[in-house]
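Input: a single structure, listed below in structure tokens.
Start at 1 and go down the list; that is how both ligands and their atoms are numbered. Since we're looking at a predicted model, the values are computed, not measured. Atom set for the values below is all heavy atoms of this structure, side chains included, hydrogens, waters and symmetry mates excluded.
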Amino acid sequence: MAAQTVEVTENAPSVTLGAAVGLSCRECGERFPLGPIFACATCFGPLEVAYDLPSGDPEALRKQIEAGPHNIWRYAPLLPVPTDVAEKPNLNPGFTKLVKADNLARELGVTGGLYVKDDSGNPTHSFKDRVVAIAVEAARAFGFTTLSCSSTGNLAGAVGAAARRAGFRSCVFIPHDLEAGKVVMAAVYGGDLVGIEGNYDDVNRFCSELIGDPLGEGWGFVNVNLRPYYGEGSKTLAYEICEQLGWRLPDQIVIPVASGSQLTKIDKGLKELIALGLVEDRPYKIYGAQAEGCSPVSTAFKAGHDVVRPQKPDTIAKSLAIGNPADGPYVLDIARRTGGAVEDVDDEQVVDAIKLLARTEGIFAETAGGVTVGVTKKLLEAGLLDPALSTVILNTGDGLKTLDAVAPTSGPTATIRPSLDAFRSAGLAG
Ligand SMILES: *Cc1c(COP(=O)(O)O)cnc(C)c1O
């Protein structure tokens with residue numbers, strides 16, 4: 001990503017976003033006031049939101065959260081959003097199901113408790129509604145009138161829908177060759193949708209140029225100049241998982257990796273819960289999942305490298321097809337620090353895993369979910385995931401958006417004339 005910053009002038013009106021007190025550089029720690037900036041002016045490191053988190057009685061905070069709405073706004077005290085956020089027009093994502101996956105556990109030999117956090121239940125059927133909801137509040141605070149993004153598909157739909165509901169214009173950018181389900185979802189809300197002749201990394205580079213150009217003035221790119229705020233939305237996955245487990249940390253979490261933002265912010269969310277005293281302070285392990293055809297982070301992990309070398313993506317898991325992941329090095333740090341791993345599976349294993357989850361738990365995941373389930377299976381077989389520990393797998397998107405992945409191998413068992421004789425002959429009775 002190009003290291004560009006937008007100047008925040010001395011006399012710019014100061015913005016308040018809930019408990020957020022500013023932005024801090026993840027590399028050198030330098031602080032900046034809240035604004036639509038994403039790179040450190042000193043070292044070009046990525047910026048993240050810094051907080052003055054509620055101190056005091058964890059029991060009171062837990063009660064306050066539990067009394068909140070059944071969506072991400074129950075965690076508003078821990079997010080960079082205005083205190084009246086729940087009353088504003090938005091899509092209210094989150095509080096998706098945490099499914100105890102006993103059938104899948106039996107199949108995979110997991111005895112310590114296996115759960116699927118099913119984010120396909122969000123308003124536009126992917127986890128991206130969480131991150132967009134936070135970016136929208138930042139966009140409102142900074143006075144942007146157009147919402148934009150570079151997307152591998154799901155983000156474009158989430159931005160289109162959220163923009164419509166919150167009263168923004170939207171213009172979003174995707175690689176030209178995405179799945180039909182993703183393109184339709186990105187277009188149907190009525191904002192502008194632009195297909196770019198290139199892959200995601202080309203789209204992202206284009207958006208970075210647009211931000212620095214007068215053409216992009218007044219535009220909030222949720223995952224570029226609003227990226228520090230956007231990222232915070234993924235913390236809500238950590239909060240929900242722990243709350244749904246009865247305010248307990250899982251032992252192991254398997255998370256798909258595209259840019260790596262989601263994985264790093266789930267880790268941030270877990271650390272916050274520990275710091276706030278909302279969960280017991282004990283170790284957890286974080287695992288990253290990639291598709292073999294776009295595996296820059298797992299390749300670096302397995303080679304023991306600290307540097308993530310960019311790749312040209314070629315995989316059916318298009319939502320994860322980021323060849324030059326912005327948060328790749330942080331994913332490596334977290335996997336290593338927590339004792340986890342980053343692994344990848346090939347396209348055939350992705351399809352098998354989609355079907356495995358569907359036939360064991362009745363959950364139809366998109367290809368990203370197939371990657372995560374497939375990697376979970378592979379890590380168990382390799383002895384890198386402990387089957388005796390509690391494990392949460394993330395399903396981040398809906399299989400209806402990536403039908404092509406399973407369509408060639410999923411069809412009717414038989415096609416018959418409407419007669420009992422024909423049905424008898426098909427051998428399906430009993
Ligand atoms: C965007 C996306 C991810 C990964 O997001 P990053 O934060 O970029 O790693 C995972 N799953 C689905 C379905 C997505 O759309």
Residue from D119, D129, N71, N122 passing side chain to side chain donor-acceptor pair (under 3.5 Å) with T96: D119
Flag if over 12 foreign heavy atoms under 6.0 Å of NZ, K312: no
Salt bridge check, R205 against D202: does any charged N sit closer than 4.0 Å to a carboxylate O? yes
Considering only heavy atoms, which protein residues lie less than 4.0 Å from any atom of ligand 1? F127, K128, N154, P256, V257, A258, S259, G260, S261, Q262, S319, L320, E366, A368, T396
One thing to verify: whether E232 and K268 come together as a salt bridge, which I'm taking to mean a side-chain N less than 4.0 angstrom from a carboxylate O. yes
Can you tell me if CZ on R309 sees more than 12 non-hydrogen neighbours from other groups inside 6.0 Å? no
Verify the ring-centre separation between F142 and Y229: is it less than 6.0 angstrom? yes
